[in-house]
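Inspection log for the structure reproduced underneath, given as structure tokens.
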Amino acid sequence: MQWRNSPERYGAVVQGSHWLTVLLIVFAWLLGQYMDDFPRSMSPTAHWLHNEAGLLVVLLLAVRLAWRWIDVEPAPEKSRFGVLAEYASKLAHAVLYALILAVPIAGMTLVFARGRALDVFGLFQIASPWARDPVFARTVVETHDLLANILMLVAFLHAVAALAHHWLLRDSTLRRMLPRRAH
């Protein structure tokens, strides 16, 4: 598989970061949804995994955005819906990127609002810049949850659009983000 994008399809760096981001977001979201149902003894591990997944998402987003500066994106698939579809696609991607960044930032803010240090992959910690504030933490929890749910909804719509391109419009939009089949 080619590492770089070609004029027709995405390369391994973009595909890998895309699909790994998808897995991490779904994993973190599911943990967030069901963390309170875990036995008390597993709670610290579940929180740590949730936080680390969020940090990995931010790291992958940084890699993906940096790669966009290095490697040219394939031209958008031509749509029978014209320029309007291209604008909608660009807007949807911008919203996805913004949410992919906003959700972990809200999570980091929550850690700090609880007066805790942010553990970064077990390598180092970032001390909370302010004292514990339970009222602010509750607001941040609500914001984090809302943004995470909106991210999942937008990601779901993104997936539905990709599947519609594949099955209804029968174009290569989805195939461009999938590894080629071995011959």
Side-chain angles (χ1 to χ4, degrees), residues 1-34 50-110 139-183:
M1 167 173 260
Q2 65 194 35
W3 287 98
R4 296 181 68 108
N5 299 331
S6 72
E8 300 83 34
R9 60 186 297 112
Y10 293 97
V13 172
V14 174
Q15 288 181 18
S17 65
H18 175 272
W19 293 108
L20 187 52
T21 299
V22 169
L23 291 174
L24 286 167
I25 288 172
V26 170
F27 175 73
W29 184 81
L30 287 170
L31 267 178
Q33 295 300 304
Y34 297 105
H50 180 80
N51 293 348
E52 297 302 301
L55 289 171
L56 281 171
V57 166
V58 171
L59 181 63
L60 283 170
L61 179 62
V63 167
R64 181 91 181 261
L65 292 175
W67 193 257
R68 287 180 77 141
W69 286 87
I70 297 167
D71 200 7
V72 176
E73 295 245 323
E77 183 76 24
K78 292 296 177 198
S79 169
R80 59 181 92 158
F81 301 110
V83 177
L84 185 61
E86 287 181 36
Y87 287 132
S89 173
K90 286 181 182 184
L91 177 63
H93 281 93
V95 168
L96 274 171
Y97 282 127
L99 287 166
I100 288 169
L101 183 60
V103 172
I105 287 174
M108 291 177 220
T109 303
L110 176 58
T139 301
V140 177
V141 165
E142 292 170 4
T143 303
H144 180 62
D145 290 350
L146 177 64
L147 290 172
N149 289 333
I150 293 170
L151 172 58
M152 292 305 289
L153 175 63
V154 173
F156 174 77
L157 295 173
H158 175 71
V160 167
L163 291 171
H165 273 276
H166 187 73
W167 294 107
L168 300 176
L169 301 177
R170 301 205 178 270
D171 64 28
S172 64
T173 298
L174 178 60
R175 284 190 303 275
R176 293 167 11 132
M177 190 52 81
L178 296 173
R180 290 187 194 263
R181 288 187 215 163
H183 298 296

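Index from 1, following the sequence.
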Tell me, do [X] and [Y] make a side-chain contact under 4.5 Å, heavy atoms counted?
X: Q33; Y: N149; value: yes
X: M177; Y: W19; value: yes
X: R9; Y: Q15; value: yes
X: M108; Y: V58; value: yes
X: R64; Y: V14; value: yes
X: L147; Y: L151; value: no
X: R175; Y: R180; value: no
X: L61; Y: L65; value: yes

Would you give the length of the straight line joining atom [atom1] of [X] to atom [atom2] of [Y], rounded to the nearest 0.5 angstrom?
X: N51; Y: L31; atom1: CG; atom2: CG; answer: 10.0 Å
X: L55; Y: L60; atom1: CG; atom2: CG; answer: 11.0 Å
X: L56; Y: F27; atom1: CG; atom2: CZ; answer: 10.0 Å
X: D171; Y: R176; atom1: CG; atom2: CZ; answer: 8.5 Å
X: L96; Y: L91; atom1: CG; atom2: CG; answer: 10.0 Å
X: S17; Y: L24; atom1: OG; atom2: CG; answer: 11.0 Å

What is the minimum heavy-atom distance between P74 and P7, and which atoms define it? CB-O, 3.5 Å
Under a 3.5 Å distance rule, please check whether H93 uses its side chain to pair with a backbone N or O of S89 as donor and acceptor. yes
For D71 and W67, indicate whether the former's side chain and the latter's backbone hold a donor-acceptor pair under 3.5 Å. no
Evaluate N5 against V72 for side-chain contact (heavy atoms from CB on, under 4.5 Å), listing each step before the verdict. CA-CA 7 Å; N5 299 331; V72 176; over 6 Å; no
E73 bridged to R68 by N-O distance under 4.0 Å: yes
Does the plane of the ring in H50 sit parallel, tilted or perpendicular to the ring in H144? Use 30° and 60° as the thresholds. perpendicular
